[in-house]
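These figures come from a predicted structure and were not determined experimentally. Chain letters run A, B, ... following the sequence lines, proteins first, then strands; residues in each count from 1.
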Amino acid sequence: MEYNFQDIERRWQQRWHETSLYSVSNRSNKPKYYVLDMFPYPSGAGLHVGHPLGYIASDIYSRYKRQQGFNVLHPMGFDAYGLPAEQYAIQTGQHPEKTTEVNIARYKEQLSKIGFSYDWSREVRTCDPRFYKWTQWAFVQMFNSYYCNTSGKAQPISRLVEHFAQHGTADLDVAQTEELSFTADEWREMSECEQQQVLMNYRLAYIADTKVNWCPALGTVLANDEVSEGLSVRGGYPVEQRVMRQWSLRVSAYAERLLRGLDSIDWTDSLKETQRNWIGRSEGAEMLFPLSGSDEQLRIFTTRADTIYGVTFMVLAPESEYVSRVVTDAQRADVDEYLAWVRHRTERERIADRRVTGVFSGSYAINPVTEQEIPIYISDYVLAGYGTGAIMAVPAHDSRDYAFARHFDLPIIPLIEGADVSEQSFDAKEGIMINSGFLNGMEVKDAIAAMKRYIEQQGIGKVKVNYRLRDAIFSRQRYWGEPSPVYYKDGMPYMLPERCLPLLLPEVSDFRPTPTGEPPLGNAEKWAWDEQHEKVVSKSLIDGKHVFPLELCTMPGFAGSSAYYLRYMDNTNDDALVGKEAVGYWHNVDLYLGGSEHATGHLIYSRYWNKFLYDIGVAIEQEPFAKLINQGMIQGRSSFVYRYIGDDATGNLYISYNLIDRPEYKDKVQPIHVDINLVHNDVLDVDAFRHWMPEFAKAEFVYSDGSTDIDNPYLGAATEKQYLCGSAVEKMSKTYFNVVNPDDMVERYGADTLRLYEMFLGPLELSKPWDTNGIDGVHRFLRRLWNLCDELTNDEPTIEELRSVHRLIKKVSYDIEHFSFNTSVPAFMICQNELQQLRCSKSAVLELFATVLAPFAPHLAEEIWHRCKQVQGVEASDKSVCDVAWPAYDERYLNVDTVKYPVQFNGKVRFTLEVAKDMPREEVEQMVLADEQTARYLGGATPKKVIVVPGRIVNIVM
RNA sequence: GCCGCGAUGGUGGAAUCGGUAGACACGAAGGACUUAAAAUCCUUUGGCCCGAAACGGCUGUGUGGGUUCAAGUCCCACUCGCGGUACCA
């Protein structure tokens, strides 16, 4: 019977749907397992074959766990808010709500065809008010919290207020924007507004004037992870620095916990390392340098306190507060000019142009250890946002200081024995100290420690840990996002009461971003808060007494994706983000699958968000994702034809790829992208090409054998002749005509083939180009397997048949546990081959085959399994192979009686010897030595050593 | 620059603990079936060499060294490629 995959797949998908096979309960006696995919942005282009790669892998694992007896939560949803969805809406001139809905419908349709085991009843969408109510709720909780370093967790802001009222800022160890100092009396005398301003310094969600990444083209600010090399990650538009009043999340308060938490989770080392770098912990010291002829001091941060004797100047960031205090009248004009120049430079220019720039401030500082006077400079190689925005410069041992010193002709004092600083600095932290007073003769490492002690003893500074991790800017001047539940009274922000959430996204006349940074919500007519009646009212009613303006910025994309995993557990709960019972059962995600591009974005934010929720008692695990696997990206494989553009070109001649290096064509051909659907195994369908676009209608070809159409006028595109296309690996994109749509693959080969082929393509974590060439092989395998089931029998299986299928069970079990799905597919093929050789159509064997195939190719597995049951006369029409227990392999079948040992002499294989499998090592050794072939090789000599690796090899060393 | 990862046939890749490298698949070549094509099936397929034959020899996992009876796998040095990050003091 023919393998009618379309019929089989349609039938089973319908059946699974009708019986709600994949819906999962929060109550079960079974152990739980939570498998999650990073939910997609429903963009307008739909899914291409790269998207399902991770989904297929996670689906295989969920199905496997389910067959192993776990209660598996495997949900799917949509990250519908944010820039991509909105950009698409703007481009197509439609309302984002409309496009989002259309796109989600398309995504769901595409996903449904691949046969995933999602429990769709748990779907979440970040743009759904029932969902974003809890995004807003979490934001309100952060606003009402501060981070207490003593207890190491978030605490209610009311506790801080109490502390201020009793002790002022005394004995306070908390995360803060800047260090404030006031007494309890001073606190009590502050006005309400002043107190609110002070509290803003501590809240975990706070508003402040911050230097931000402003992207004019997108009309919004971006977080650090959304910017790379001065360009927006999304769209690649230039980004400039601006100071704006923005909401931020105090992610930096959690830096140490985010860092330490990495040790407790099962993620790849490279991803953990990326996060460690991003958090950027660095141990060093803050030191005070007195200003010459003044009481003021400059606070600097350094990790190389040991190099204090080599400090020959100091440098301040242009934006540093110190600048105004150190500039002398004589230097003021120069400094102002420099500051103006720095300010007009874009981030991109600054990165591109690494020339040394700077200006002398006119002032001098005193080196607190040597008491020498050193000049203070201002330069933009020092960043205001890191450390204290001021450094002590040690040109001999820091390459940036070195370049600066050379440019301004400042002294360079080497501090390490043997370090040659005539050409470049010596940055390595190793060697013996010289020219360094009491540190002389010490190893650098010891000198750093000694110097830290000295600094603390002398009171000229303190040991300090700095983090590179910055707070996350939380405002977006965009329409398509969660509105912040904030209104402004006397310019101070206040949160809407929790009972009023969600604050719904309003209708606006124009949702497009504005170049000025005025958010689109400014166009909303009904966008003011009536404090008394607790409702949203028209802006015209704003009176500053009862009715106040609402926040115009929306939340960034990462807001909705930070705690979504909790919501799947309990997605219909309107009283809590997640119910106690639900989170008590599911805990956290056991296996998370997604791209590594989220390493410094989503995967940091959601860990932060989760830790905050943990602190306030919502989440019950410190880490949201216990194990994480990054699936590789699937790139496109573009095909090219080569148009001849020599002097005598007609513009209609195309040269086969294998000929383009010939002298007559070399450098005279122009590669043109050709639709990959017109190309099979790099051979162009020339007729289809001529019909593809009008400009190719008259195309003529030089074929791979050098012949042309003219040589064979009667045959046209003759069967013997092939036009070969070139290829390149590129991003999958419509403009390259290389997008492969999963629907088309399902249509042509079936979902089971697609699933198997995507796994077969290579290791899950590896990035690889999509290449349709090999898919036929996988499809053939399924068809042959199907043919085996044509005439099933109930005959007793032979030992060979059982051995084959049990070997398969063992291999596949091992592979799934190790996420090595790519090696399971060949295992299926090999087993199928063996069974075919044995002409095995026995239901007892194929039933087992189908059971372990079920996670990979569920439709065909169902069909085969049910046929087996039917042949066996077992009533199973209401059962599914998805619920059949994962079979254990039986060692008895795997054991063979004899084992072939290759016998090697000095590492060279000479012959093989068949030995009983359970023969002990010593006996094998004796047997080999007694063997006549061995005697021939030994020629009477006594071997030095005999090495027997059980079941593998015998090596005789002579 | 720094950090991380990688390099195996014409191609994608396999080799799980240091133990017969190249599984499986694609592609290619040849053959069977067929009026023909498609489909299907069979054979060969890292390179070189010897030969009538082989369960024959040599060589071979980016390069150069090393450890070991034995190295794709471990160590050292290097080359190239990919990813992350970047005046982070």
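Proximity of A/Lys768 to the phosphate of B/rG12: no side-chain N or O atom is located under 4.0 Å from OP1 or OP2. Within the structure, a side-chain polar atom (N or O) of A/Ser282 is placed less than 4.0 Å from OP1 or OP2 of B/rA89. A close approach under 4.0 Å does not occur between any side-chain nitrogen or oxygen of A/Tyr381 and OP1 or OP2 of B/rA89.
Classification of A/Arg803 and A/Glu834 as a salt-bridged pair fails, no side-chain N sitting under 4.0 Å from a carboxylate O. The pair A/Asp263-A/Arg276 meets the salt-bridge criterion, since a charged nitrogen lies less than 4.0 angstrom from a carboxylate oxygen. Contact check on A/Lys464 versus A/Glu283 returns no salt bridge, with no Lys/Arg side-chain nitrogen under 4.0 Å from an Asp/Glu carboxylate oxygen. One finds no salt bridge joining A/Asp776 and A/Arg780 here, because no Lys/Arg side-chain nitrogen approaches an Asp/Glu carboxylate oxygen to under 4.0 Å.
By the rule that a glycosidic angle within 90° of 0 means syn, B/rC17 counts as syn. Classification of B/rG30 as anti follows from a glycosidic angle more than 90° from 0.
Counting non-hydrogen atoms under 4.0 angstrom, A/Arg783 reaches the backbone sugars and phosphates but no base. A/Ile300 comes within contact range of no nucleotide atom at all, as no heavy-atom separation falls under 4.0 Å. At a threshold of 4.0 angstrom between heavy atoms, the contacts of A/Val315 with the nucleic acid are absent. Among the heavy atoms of the strands lying under 4.0 Å from A/Lys811 is at least one base atom, whether or not backbone atoms are also near. Note on A/Pro769: nothing from the nucleic acid sits closer than 4.0 angstrom, heavy atoms only. No contact: A/Ser399 has no heavy atom under 4.0 Å from any strand.
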Practice problem: Starting at the 5' end of nucleotides 29-34 of chain B, put B wherever the base has a protein heavy atom under 4.0 Å, S where only the sugar-phosphate does, and a dash everywhere else. | Solution: ------

Exercise. Do nucleotides 17-28 of chain B as a string where each nucleotide becomes B, S or -: B if the base has a protein heavy atom under 4.0 Å, S if just the sugar-phosphate does, - if no protein is that close.
Key: --BB--BBSSS-

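The partner of B/rC55, taking Watson-Crick or G-U wobble pairs whose two distances both stay under 3.5 Å, does not exist in any strand shown. The partner of B/rU43 is B/rA29, by the rule that a Watson-Crick or G-U pair needs both atom distances under 3.5 Å. Using N1 to N3 plus N6-O4 or O6-N4 for Watson-Crick, or N1-O2 and O6-N3 for G-U wobble, each under 3.5 Å, B/rG6 pairs with B/rC80.
With a 6.0 Å radius and a threshold of 12 heavy atoms from other residues, nucleotides or ligands, A/Glu791 has its CD atom at or below the threshold.
Under a cutoff of 6.0 Å and an axis angle of 45°, A/Arg607 and A/Trp267 form a cation-pi pair.
Residues A/Tyr64 and A/Glu817 bring a donor and an acceptor atom of their side chains to less than 3.5 Å of each other. For the residue pair A/Ser252 / A/Asp471, a side-chain donor-acceptor distance below 3.5 Å is found, with atom types taken as modelled.
The aromatic rings of A/His818 and A/Tyr814 lie parallel to each other, their planes meeting at an angle below 30°, with 60° marking the opposite boundary.
Rounding to whole angstrom units, NE2 of residue A/His818 and P of B/rA15 are separated by 12 Å.
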